[in-house]
Amino acid sequence: MTSPEPARSREQRKQDVLDHLEKDTDAWVSTASADGVPTLVPLSFVWDRGTLLMATRRTNPTAVNVTPDGRARIALGPTRDVVLIEATVEVVEGADLPAESGDTFAAKLDWDVRGRTSWVYLRFTPYAVRAWREANELAGRELMADGRWLE
């Protein structure tokens with residue numbers, strides 16, 4: 001077994017997180033129903049205006065679950081390069097989505113749900129971000145708290 005790489009600085013971890021947000025396509029999204037039943041699903045996303053923008057059918061559990069509580073957890077990356085995001089969630093109708101956001105979504109994912117009334121966009125605004133690779137990065141894994149990047 002090889003030794004882990006040295007722990008990254010907070011600045012490097014933040015940059016690595018931003019790289020994931022810009023370049024990755026899919027994320028795991030965790031929500032819970034009003035009666036506490038968990039749901040974990042993969043959804044495609046774009047990093048748009050400091051938020052993660054995703055789309056799903058309005059009747060899918062993820063869209064239904066975010067309505068009462070307005071919160072979710074999102075995970076990016078493999079198990080040896082974890083990005084864990086806690087976010088508030090807003091359901092956005094396609095007609096209410098800014099054109100630039102819809103264009104960004106469609107261009108990156110080659111998929112456009114605007115005009116499909118059975119679909120909604122979900123805009124996730126991070127309020128906490130943690131990132132780590134190995135045990136040596138656990139102590140400094142908090143990168144964002146209360147919606148602000150830590151220095």
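This one's a predicted model, so the numbers in the text were calculated from it and none came from an experiment.
- Side-chain contact check for Val91 versus Leu122: some heavy-atom pair is nearer than 4.5 Å.
- Identified under the salt bridge (charged side-chain N to carboxylate O under 4.0 Å, His left out) test for residues 141-151, with sequence neighbours left out: none.
- Shown here is Asp96, whose CG atom has more than 12 heavy atoms of other residues, nucleotides or ligands within 6.0 Å.
- Using a 4.5 Å heavy-atom cutoff, the side chains of Lys108 and Ser44 are not in contact.
- In this view, Glu93 and Arg58 satisfy the side chain to side chain donor-acceptor pair (under 3.5 Å) rule, not counting sequence neighbours.
- Applying the salt bridge (charged side-chain N to carboxylate O under 4.0 Å, His left out) test to every pair with at least one member in residues 111-132, sequence neighbours left out, gives these pairs: Asp48-Arg123, Glu86-Arg130, Asp103-Arg114, Asp112-Arg114.
- Phe124 CZ to Leu52 CG: the interatomic distance, rounded to the nearest 0.5 Å, is 7.5 Å.
- With 3.5 Å as the limit, one finds a donor-acceptor pair spanning the side chains of Asp35 and Ser33.
- Within the 4.5 Å cutoff, the side chain of Leu21 has heavy atoms near those of the Val17 side chain.
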- Taking it one step at a time, do Leu53 and Val92 satisfy side chain to side chain contact (heavy atoms under 4.5 Å, CB included)? CA-CA 10 Å; Leu53 184 64; Val92 182; 5.7 Å; no
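- Following chains of ILVMFWY side-chain contacts shorter than 4.5 Å, one cannot reach Val113 starting from Met54, and the two form parts of different hydrophobic clusters.
- Here the side chains of Arg8 and Asp16 are in contact, with some heavy-atom distance below 4.5 Å.
- Taking each heavy atom of Thr31 and Ala72 in turn, the nearest pair found is CG2-CB, 3.9 Å.
- Asn65 approaches Val37 most closely through the heavy-atom pair ND2-O, 4.4 Å.
- Applying the ring-ring contact (aromatic ring centres under 6.0 Å, His included) test to residues at least two apart or on different chains, the pairs with a partner in residues 68-116 are Phe105-Trp111, Phe105-Tyr121, Trp111-Trp119.
- For the atom pair CE (Met144) and CG (Leu150), the distance works out to 8.5 Å, reported to the nearest 0.5 Å.
- In this structure, CZ in Phe45 is found 9.0 Å from CG in Leu109, a value given to the nearest 0.5 Å.
- Following chains of ILVMFWY side-chain contacts shorter than 4.5 Å, one can reach Leu76 starting from Val89, so the two form part of one hydrophobic cluster.
- Here Leu40 contributes atom CG and Thr62 contributes atom OG1; the two are 8.5 Å apart, rounded to the nearest 0.5 Å.
- Formation of a donor-acceptor pair under 3.5 Å by the Thr104 side chain with backbone atoms of Glu100 is found in this model.
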- What do the steps show when you test Trp28 against Ile74 for side chain to side chain contact (heavy atoms under 4.5 Å, CB included), and what is the final call? CA-CA 6 Å; Trp28 287 101; Ile74 302 162; over 6 Å; no
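- To the nearest 0.5 Å, the span separating NE2 on His20 from CD1 on Ile85 amounts to 10.0 Å.
- Identified under the salt bridge (charged side-chain N to carboxylate O under 4.0 Å, His left out) test for residues 17-33, with sequence neighbours left out: none.
- Not counting sequence neighbours, the partners of Ser118 by the side chain to side chain contact (heavy atoms under 4.5 Å, CB included) test are Arg57.
- Environment of CZ in Arg10: crowded, with over 12 heavy atoms of neighbouring residues, nucleotides or ligands closer than 6.0 Å.
- We find that Glu5 and Arg133 are not joined by a salt bridge, their nearest charged nitrogen and carboxylate oxygen being 4.0 Å or further apart.
- Residues Ala131 and Leu143 come closest through the heavy atom pair CB-CD1, 3.7 Å.
- No single ILVMFWY cluster, assembled from side-chain heavy atoms under 4.5 Å apart, contains both Trp149 and Val82.
- Between the CH2 atom of Trp47 and the OG1 atom of Thr51 there is a distance of 6.5 Å, given to the nearest 0.5 Å.
- Listed here is the closest heavy atom pair of Gly50 and Pro126: O-CD, 3.5 Å.
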